[in-house]
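All values below were derived from every heavy atom in this structure, side-chain atoms included, with hydrogens, water molecules and symmetry-related copies excluded. Note that the structure is predicted; figures quoted are calculated from it, not measured.
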Amino acid sequence: MNVANLKRAAVRLACIAIAGIGLAGCYNLDATLSFRDDGTAAATTRFDFPRDAEHVFKFYQAILELQPGSAKFVENGLCQSVQKLGSLNPGQPIDIQGREYTTEDRFGCGFIVQLGDSAQVVDRLKQSPTQAAQILSLEHLAPRRVKITFDFNNVPDLAQMMPGLVMLGAMKYGMPGQGLPNMAAVQKLANAYADAALAMTRMSAPDNHIQFAIKARSVIETNGEQDGDLVRFRWSAEEFMRLVVKRDDLEPAERIYYAVIEY
């Protein structure tokens with residue numbers, strides 16, 4: 001990666017980190033990977049936002065409808081528009097269903113992706129970028145027995161990366177003649193990041209959660225919450241943010257979650 005691309009990547013990471021403070025905890029996320037009895041797999045994802053988020057979604061939909069190229073794409077709503085992504089590659093179409101829904105106090109956006117043959121899904125997951133980074137890893141213990149591990153110890157530590165990200169961003173976008181920011185000030189920003197992220201999460205939506213679930217023919221072993229053939233890993237928004245920003249009050253073993261399943 002050349003220096004220009006490195007700077008762009010660093011700025012994007014910094015933006016994600018800063019945006020993460022403001023967006024943390026504003027929704028419930030429920031995601032389930034299901035291995036079915038017919039030998040196929042599906043991924044289901046649901047985002048539950050506060051009820052007023054419907055107006056935000058409609059605002060962005062209206063912006064997209066101003067452009068002739070995107071108006072047709074979002075004509076049925078932002079959530080349903082995801083369905084059309086599955087047909088963008090005619091050689092390998094993907095069956096995606098999207099829908100919006102509302103309740104008295106929530107606005108929801110849900111997706112179901114039909115993934116195809118279970119064994120092929122496992123093989124693809126083993127080759128994914130998250131597998132290479134050892135954040136989500138899969139290990140075959142037997143022909144149809146797999147250990148799935150989420151290791152938050154391997155999530156990039158944004159709090160530790162912050163000084164470098166800020167300095168690279170300043171090099172790219174700093175005001176001419178002003179030079180680079182004071183390193184003491186940069187370190188102060190980095191030190192404040194994790195506490196700010198957690199505080200914003202507590203304030204923005206203290207009752208919201210993040211949940212990942214795996215449904216399979218059999219759950220052999222897990223440190224998650226097991227309910228028959230379903231295992232859930234569920235965190236409050238603050239707990240999940242704590243995992244991501246790597247607070248020192250968590251032991252490495254407390255940031256590892258796993259399930260051994262047969263499909």
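Under the 4.5 Å side-chain criterion, counting only non-hydrogen atoms from C-beta, T149 is not in contact with L136. Side-chain contact between V122 and Y263 is present, with heavy atoms from C-beta onward closer than 4.5 Å. Contact check for L243 versus L250: side-chain heavy atoms found under the 4.5 Å cut-off. When side chains are defined from C-beta on, C109 counts as touching F57, because their heavy atoms get closer than 4.5 Å. Looking only at side-chain heavy atoms (C-beta outward), N76 and V74 stay at 4.5 Å or farther from each other. At least one side-chain heavy atom of L33 sits under 4.5 Å from a side-chain heavy atom of L115. Counting heavy atoms from C-beta on, the side chains of I220 and I261 never come closer than 4.5 Å. Within the 4.5 Å cutoff, side-chain heavy atoms of L78 are placed close to those of L64.
Residue pairs meeting the salt bridge (charged side-chain N to carboxylate O under 4.0 Å, His left out) criterion with at least one partner in residues 200-219, sequence neighbours excluded, are R202-E238, K215-D229, R217-E262. For residues 63-82, the set of pairs meeting the salt bridge (charged side-chain N to carboxylate O under 4.0 Å, His left out) definition, not counting sequence neighbours, comprises K72-E75, E75-K84.
Contacts of F47 classified as ring-ring contact (aromatic ring centres under 6.0 Å, His included), with partners at least two apart in sequence or in another chain: Y27. By the salt bridge (charged side-chain N to carboxylate O under 4.0 Å, His left out) test, D151 is found to be paired with no residue, residues two or more places apart in sequence or in another chain being considered. Legend: residues meeting salt bridge (charged side-chain N to carboxylate O under 4.0 Å, His left out) with E239, ordered by chain and number and at least two apart, are absent. For R144, the salt bridge (charged side-chain N to carboxylate O under 4.0 Å, His left out) test picks out no residue, with sequence neighbours left out.
Under the 4.5 Å side-chain heavy-atom criterion for ILVMFWY residues, no single connected hydrophobic cluster contains both I256 and V231. No continuous path of hydrophobic side-chain contacts links F73 to L66 [ILVMFWY only; heavy atoms under 4.5 Å]. Both I210 and F233 belong to a common hydrophobic cluster when Ile, Leu, Val, Met, Phe, Trp and Tyr are linked at side-chain heavy-atom distances under 4.5 angstrom.
The ring pair (Phe, Tyr, Trp, His ring centres under 6.0 Å) test with Y257 is passed by exactly one of F150, F240, W235: W235.
Between the side chain of D117 and the backbone N or O of Q120 there is at least one donor-acceptor pair closer than 3.5 Å. Under the 3.5 Å distance criterion, the side-chain polar atoms of Q187 are left unmatched by any main-chain donor or acceptor of A184. Proximity of a side-chain donor or acceptor of R99 to a complementary backbone N or O of Q80 within less than 3.5 Å is not detected. The main-chain N or O of Q211 is never found under 3.5 Å from a side-chain atom of D30 such that the two would form a donor-acceptor pair. Remark: the backbone N or O of R36 is not paired with any side-chain donor or acceptor of S34 at under 3.5 angstrom. Using modelled atom types, no side-chain atom of S236 and backbone atom of H209 make a donor-acceptor pair closer than 3.5 Å. No donor-acceptor distance shorter than 3.5 angstrom exists from the side chain of E100 to the backbone of T102, with no hydrogens or angles considered. In this structure a side-chain-to-backbone donor-acceptor pair under 3.5 Å is present from R106 to D48.
Taken from CZ in R51 to CD in E104, the straight-line distance is 9.5 Å, to the nearest 0.5 Å. Atom OG1 of T32 sits about 6.5 Å away from atom CG of L230, to the nearest 0.5 Å. We find the OG1-NZ distance between T222 and K147 to be 10.0 Å, quoted to the nearest 0.5 Å. With rounding to the nearest 0.5 Å, the separation of CZ in R234 from CG in L29 is 10.5 Å. Distance check, rounded to the nearest 0.5 Å: CZ of F35 to OG1 of T40 gives 10.5 Å. Between the CZ atom of R46 and the CD1 atom of I112 there is a distance of 11.0 Å, given to the nearest 0.5 Å.
Scanning both residues, C79 and G108, for their nearest heavy atoms gives SG-O, 4.4 Å. Contact record, S118 with A41: OG-N, 3.8 Å, taken as the closest heavy-atom pair. The minimum heavy-atom distance between I94 and Q114, with the atom names listed, is CG2-O, 4.4 Å. When all heavy atoms of P156 and I135 are compared, the closest pair comes out as CD-CD1, 4.5 Å. Taking each heavy atom of N223 and Y258 in turn, the nearest pair found is OD1-N, 2.9 Å. Across every non-hydrogen atom of M241 and A197, the tightest pair is SD-CB, 3.8 Å.
The 12-atom threshold is exceeded at OH of Y101, counting heavy atoms of other residues, nucleotides or ligands nearer than 6.0 Å.
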Any chance you could lay out the side-chain contact (heavy atoms from CB on, under 4.5 Å) test for Q83 and Q97, step after step, and finish with the verdict?
-> CA-CA 5 Å; Q83 296 179 177; Q97 296 115 46; 4.2 Å; yes
Please walk me through it: do F59 and V56 pass side-chain contact (heavy atoms from CB on, under 4.5 Å)?
-> CA-CA 5 Å; F59 172 71; V56 179; 5.6 Å; no
